[in-house]
Amino acid sequence: MRIWILGTGSMATALGGAWVRAGHQVLVGGRDTRAAAATAARIGATGHGSLAEAAAHGEAVLMALPADAAPRSAQELAPLLAGRTLLDCTVPMAPGPYGPSLTTAGGTDSVAIRIATAAPDAHVAKVFGICHESIWTLPQPSFEGAPLAVPFCADSAAATDLTTRLITSMGCTPLPCGGLSRAALLEATAVLAIGVWWSGGEARHAFPAPALAPGAVDDEP
């Protein structure tokens, strides 16, 4: 798969490196082309360029930009992004009195929806934002004997198919969570988990499988 990355930060580096290891053709785009070149060299990417060059190429485009900047960049690049799948890994959060809080309005509002509105002719998937970037540096991450499950929401069959193939190529398990209207739930989950980690807790301990309880029968959906 040919993947362009918009951004040069920690998530761009971690995910880009994971995709290089998985055998994909990865290119890095940034407003600062020197930073893009450095990130590309660090992960062994095929090449680098500007944000516009990144948006104009690739089957998939990762939006690894600050959450407040991603929709604006999507609007600026919208003509170039038409027909492509945008992978939104942003987490919209800011410090709050009781820990990190969402910077979106909640409900159905999300950065992913804002990106889709800004680039209406692109396909959009909310994905890769739940895990800390360090997880993506692991080759084929698995925990307690099971491959990492990667939740995602997508606005089209095309985005669902591409995201599923990409996750599978990384040795992980795709976990579809519905349409893009549910992306706000993924963003809120990421913020909640980050707050738990920052407080020294383990978010995973709060989600045991119902089937693990003695004599348990899973509830009907």
Side-chain angles (χ1 to χ4, degrees), residues 5-18 62-74 86-118 124-138 140-155 163 166-167 170 172-213 218-219 221:
I5 297 175
L6 303 184
T8 58
S10 56
M11 281 296 283
T13 300
L15 284 168
L62 175 69
M63 302 290 288
L65 301 169
D68 58 349
R72 184 170 62 253
S73 293
L86 306 185
L87 306 167
D88 169 26
C89 68
T90 64
V91 179
M93 70 176 190
Y98 306 107
S101 60
L102 280 170
T103 57
T104 55
T108 58
D109 181 33
S110 66
V111 175
I113 287 290
R114 296 178 185 182
I115 288 173
T117 301
V124 178
K126 186 77 188 186
V127 64
F128 301 121
I130 296 291
C131 288
H132 187 267
E133 62 262 19
S134 61
I135 298 301
W136 305 119
T137 67
L138 302 174
Q140 298 190 329
S142 63
F143 302 91
E144 297 178 349
L148 176 69
V150 181
F152 70 92
C153 297
D155 67 356
T163 304
L166 185 57
I167 292 170
M170 300 164 71
C172 300
T173 301
L175 184 61
C177 295
L180 208 63
S181 63
R182 293 173 60 82
L185 299 177
L186 288 186
E187 294 181 354
T189 299
V191 173
L192 177 64
I194 290 167
V196 171
W197 293 327
W198 284 359
S199 68
E202 281 286 358
R204 65 190 178 92
H205 292 163
F207 298 98
L212 296 178
D218 288 353
D219 293 335

Open item on the list: Whether the side chain of D109 engages the backbone of T104 through a donor-acceptor N/O pair (distance < 3.5 Å, no angle test) should be reported.
Closed with: no
Open item on the list: Check whether S73 reaches the backbone of A70 with its side chain - one donor and one acceptor, N or O, closer than 3.5 Å.
Closed with: no
Task: Audit row: L180, I113, side chain to side chain contact (heavy atoms under 4.5 Å, CB included) steps and yes/no - done: CA-CA 7 Å; L180 208 63; I113 287 290; 4.1 Å; yes
Kindly indicate whether the side chain of [X], heavy atoms from C-beta on, has any atom under 4.5 Å from the side chain of [Y].
| X | Y | answer |
| --- | --- | --- |
| I167 | F128 | yes |
| I130 | P151 | yes |
| L62 | C89 | yes |

Please report the interatomic distance [atom1]([X]) to [atom2]([Y]), rounded to the nearest 0.5 Å.
| X | Y | atom1 | atom2 | answer |
| --- | --- | --- | --- | --- |
| I194 | H132 | CD1 | NE2 | 8.5 Å |
| D155 | D88 | CG | CG | 11.0 Å |
| F143 | I135 | CZ | CD1 | 4.0 Å |
| L186 | S110 | CG | OG | 9.0 Å |
| T13 | I5 | OG1 | CD1 | 8.0 Å |

- [ ] Give every residue pair that meets the side-chain hydrogen bond (donor to acceptor under 3.5 Å, both in side chains) criterion with at least one member in residues 172-196, sequence neighbours excluded.
- [x] K126-E187
- [ ] With side chain to side chain contact (heavy atoms under 4.5 Å, CB included) as the test, would you mind laying out the steps for L166 and F152 before giving the verdict?
- [x] CA-CA 12 Å; L166 185 57; F152 70 92; over 6 Å; no
Tell me which donor-acceptor pairs under 3.5 Å the side chains of residues 200-207 have, and how far apart each pair is, sequence neighbours excluded?
unit_1: R204; atom_1: NH1; unit_2: E144; atom_2: OE2; d: 2.9

